[in-house]
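Throughout, a chain's letter reflects where its sequence line sits, starting with A, and its residues are numbered from 1.
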2 protein chains.
Amino acid sequence: MGVTKTDIFTNQQNKLAMQLKAIAHPARIAILQQIIKANACICGDLVDELGLAQATISQHLKELKNAGLIQGSIEGVSICYCIEPVAWKNLQNEINNMFASYKDVNTCC
Amino acid sequence: MGVTKTDIFTNQQNKLAMQLKAIAHPARIAILQQIIKANACICGDLVDELGLAQATISQHLKELKNAGLIQGSIEGVSICYCIEPVAWKNLQNEINNMFASYKDVNTCC
DNA sequence: AACATCTATCGTAATATTACGATGGATTAA
DNA sequence: TTAATCCATCGTAATATTACGATAGATGTT
């Protein structure tokens, strides 16, 4: 027990859950917002912007990267992160579809 | 340690993270999809539809309810769940804003 | 009242997440 | 080369999540 039963769900459901989970943390939301806002991808600035330790920020960046939502490239001594456009738009579509499938006929409850 | 530092983030960031976390599980995605599909809110049918124990489904429903995304009403001996329209649309907007704020200028990384 | 049905909750075990200090590897500057 | 800077990773403690059996409460049926 204690582990999610991914085998009884579809690949689509598992992937969507995995990517949503990557976003579902205030620090990672703040990181994404900062990356989007600054466009010219930030790196260690995130440590100053948010009030978290460097190791913690690095860990959050790793999760966003593992989910495929951001990408990083070496920029001199520091590392530059930015949105991974394809995954970002795919996720946007998946979420849109999910929300759009709900028709507010409200004939229940 | 081990607890999310909500105090250093905005209410908006915390709320969005909280609601996204509620959705960020394949079982809860499947539950939401089923509720939307059936419209006429299901209840114990979810236990049959998904391959999870009744206690587990009930726990997932509770989390969706705590996040304000669904509502339940007593329907005879069983309980009928459906989408909470207001929260659902608010969340849809919040997510849309987040994704829409990204302009694919790709001048980095 | 007695019974059946449905669901919420309790208790619990296994695992995952969160945060941070400390350390090490890579790159640039002196 | 030496020192400085930046970041990833390791190790770890505290807490949260996930899943399920067992049980209890509520409603409907006989």
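For DNA chain D, the neighbouring residues in residues 10-34 of chain B, judged by any heavy atom under 4.0 Å, are B:Lys21, B:His25, B:Arg28. Looking at residues 45-56 of chain B, you'll see B:Leu52, B:Ala53, B:Ala55, B:Thr56 sit with a heavy atom under 4.0 Å from some atom of DNA chain D.
In this structure, NE2 on B:His25 lies 9.0 Å from CD1 on B:Ile31, to the nearest 0.5 angstrom. Note: B:Ile23 CD1 to A:Lys21 NZ = 14.5 Å, rounded to the nearest 0.5 Å.
Rounded to an integer number of Å, the gap from NE2 of A:His60 to P of C:dT17 is 12 Å. Atom pair A:Lys62:NZ and D:dC10:P shows a separation of 7 Å (rounding to whole Å applied). Between B:Ile57 atom CD1 and D:dG21 atom P the separation is 13 Å, expressed in whole Å. Atom CZ in A:Phe9 sits about 11 Å away from atom C1' in D:dA19, given to the nearest Å. Between the C1' atom of D:dT18 and the CG atom of B:Leu61 lies a distance of 15 Å, rounded to the nearest Å. Atom CD of B:Gln59 is separated from atom P of D:dT23 by 18 Å (rounded to the nearest Å). Protein atom CD of A:Glu75 is 18 Å distant from nucleotide atom C1' of D:dA8, rounded to whole Å. Look at CD1 on A:Ile42: it is 15 Å from C1' on D:dC6, rounded to the nearest Å.
Sequence order on DNA chain C of the closest nucleotides to B:Thr6 and A:Ile74 puts B:Thr6 first from the 5' end. When the nearest nucleotides of DNA chain D are assigned to B:Gly76 and A:Thr4 by heavy-atom distance, the more 5′-ward of the two goes with A:Thr4.
Ring geometry, B:Tyr102 versus A:Trp88: the interplanar angle exceeds 60°, so the pair is classed perpendicular (tilted spans 30 to 60°).
Other residues, nucleotides and ligands place no more than 12 heavy atoms under 6.0 Å from the CG atom of A:Asn11.
The side chain of B:Glu63 lies closest to D:dT18 when the candidates are D:dT18, C:dT15, C:dA19.
Within the nucleic acid shown, B:Ser58 comes within 4.0 Å of at least one base atom, counting heavy atoms only. Within 4.0 Å (heavy atoms only), A:Val3 reaches sugar-phosphate atoms of the nucleic acid but no base atom.
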